[in-house]
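Structure first, commentary second.
Just the heavy atoms: all of them, side chains too, but no hydrogens, waters or symmetry mates, feed the values below.
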Amino acid sequence: QVRLVESGGGSVQSGGSLVLSCAASGSELMYSTYCMAWFRQVPGKEREGVAAIDFDNDIVYTDSVKGRFAISRDNAQNKWYLQMNNLKPQDTATYYCAADCVWGDSWYVAQTINYWGQGTQVTVSS
């Protein structure tokens with residue numbers, strides 16, 4: 001059974017930094033060959049793609065986080081990360097790691113994701 005566990009959320013002031021981690025387990029996936037991603041969601045809104053990284057380390061970001069966030073992966077550890085710098089109040093959301101995203105034009109579409117973590121809260125105060 002695939003299990004994704006996020007860690008690293010918390011509360012920071014505007015301009016601060018956080019690092020989110022996602023650890024994958026379960027033998028069904030060769031995680032090193034899969035697209036991995038981070039999504040976020042606020043109450044009343046759809047879950048939106050934040051960043052994705054393909055098996056060969058191609059990376060894509062949503063426009064609002066470009067230059068501030070960085071996604072990376074450690075295939076040996078079956079982990080991927082989201083370094084978040086210069087955080088803004090509008091970054092406040094529940095962040096979810098995702099496995100088996102669809103690389104390409106649909107990477108940000110939540111309905112295409114097969115595996116989700118439980119979510120971790122990020123709160124940025126002004």
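No path of Ile, Leu, Val, Met, Phe, Trp and Tyr side chains, each step under 4.5 Å between heavy atoms, connects V122 with V42, placing them in separate hydrophobic clusters. In this structure, Y115 is not a member of the same hydrophobic cluster as F39, with clusters built from ILVMFWY side-chain heavy atoms closer than 4.5 Å. At a threshold of 4.5 Å between side-chain heavy atoms, the hydrophobic network of Ile, Leu, Val, Met, Phe, Trp and Tyr places V109 and V102 in two separate groups. Side-chain heavy atoms closer than 4.5 Å link hydrophobic residues (I, L, V, M, F, W, Y) into clusters, and following such links, possibly through other members, connects W38 to V124. Placement of Y108 and V60 within a single hydrophobic cluster is found when ILVMFWY residues are connected by side-chain heavy-atom separations under 4.5 Å, directly or transitively.
Sorted pairs that involve residues 85-104 and meet ring-ring contact (aromatic ring centres under 6.0 Å, His included), not counting sequence neighbours, are lacking altogether. For residues 65-99, every residue pair satisfying the disulfide bond (SG atoms under 2.5 Å apart) rule, not counting sequence neighbours, is listed here: C22-C97. Applying the disulfide bond (SG atoms under 2.5 Å apart) rule to pairs touching residues 42-81 yields nothing, sequence neighbours excluded.
Salt bridge D91/K88: absent, no basic N to carboxylate O contact under 4.0 Å.
By the neighbour-count criterion of 12 heavy atoms within 6.0 Å, atom OH of Y81 is densely surrounded, having more than that number from other residues, nucleotides or ligands.
With D54 contributing its side chain and D56 its backbone, the two residues share no donor-acceptor pair below 3.5 Å. Looking at W80, its side chain does come within 3.5 Å of a backbone N or O of A37 through a donor-acceptor pair. No donor-acceptor distance shorter than 3.5 angstrom exists from the side chain of Q41 to the backbone of A93, with no hydrogens or angles considered. Formation of a donor-acceptor pair under 3.5 Å by the Y31 side chain with backbone atoms of S25 is found in this model. With hydrogens and angles ignored, the 3.5 Å screen pairs a side-chain donor or acceptor of R73 with a backbone N or O of I53. Under a 3.5 Å cut-off, the side chain of Q13 and the backbone N or O of S125 do not form any donor-acceptor pair. In this structure a side-chain-to-backbone donor-acceptor pair under 3.5 Å is missing from R3 to A23. Of the possible donor and acceptor atoms, one in the side chain of Y61 sits under 3.5 Å from a partner among the backbone N and O of I71.
Atom CH2 of W107 and atom OG1 of T62 lie 5.5 Å apart (nearest 0.5 Å). Interatomic distance, Q83 CD to S72 OG, rounded to the nearest 0.5 Å: 8.5 Å. Taking CD1 from I113 and CG from D100, the interatomic distance works out to 7.5 Å, rounded to the nearest 0.5 Å. Note that OG of S64 and CZ of R40 are 4.5 Å apart. Values are rounded to the nearest 0.5 Å.
Looking at heavy atoms from C-beta onward, M84 lies out of side-chain contact with R68 at the 4.5 angstrom threshold.
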Item to check | side-chain contact (heavy atoms from CB on, under 4.5 Å) between L4 and M36, intermediate numbers included | outcome: CA-CA 11 Å; L4 307 179; M36 303 300 196; over 6 Å; no
Checklist entry - Hey, mind stepping through T92 and Q121 against side-chain contact (heavy atoms from CB on, under 4.5 Å) and telling me if it holds? => result CA-CA 8 Å; T92 295; Q121 179 66 34; 4.0 Å; yes
Next on the checklist: Could you walk me through whether L20 and F69 satisfy the side-chain contact (heavy atoms from CB on, under 4.5 Å) test, starting with their C-alpha distance in whole Å, then the side-chain angles of each, then the deciding distance to 0.1 Å, before giving a yes or no?
Outcome noted: CA-CA 11 Å; L20 304 183; F69 290 13; over 6 Å; no
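Taking all atoms of both residues into account, the shortest heavy-atom contact from S17 to N85 is OG-OD1, 3.0 Å.
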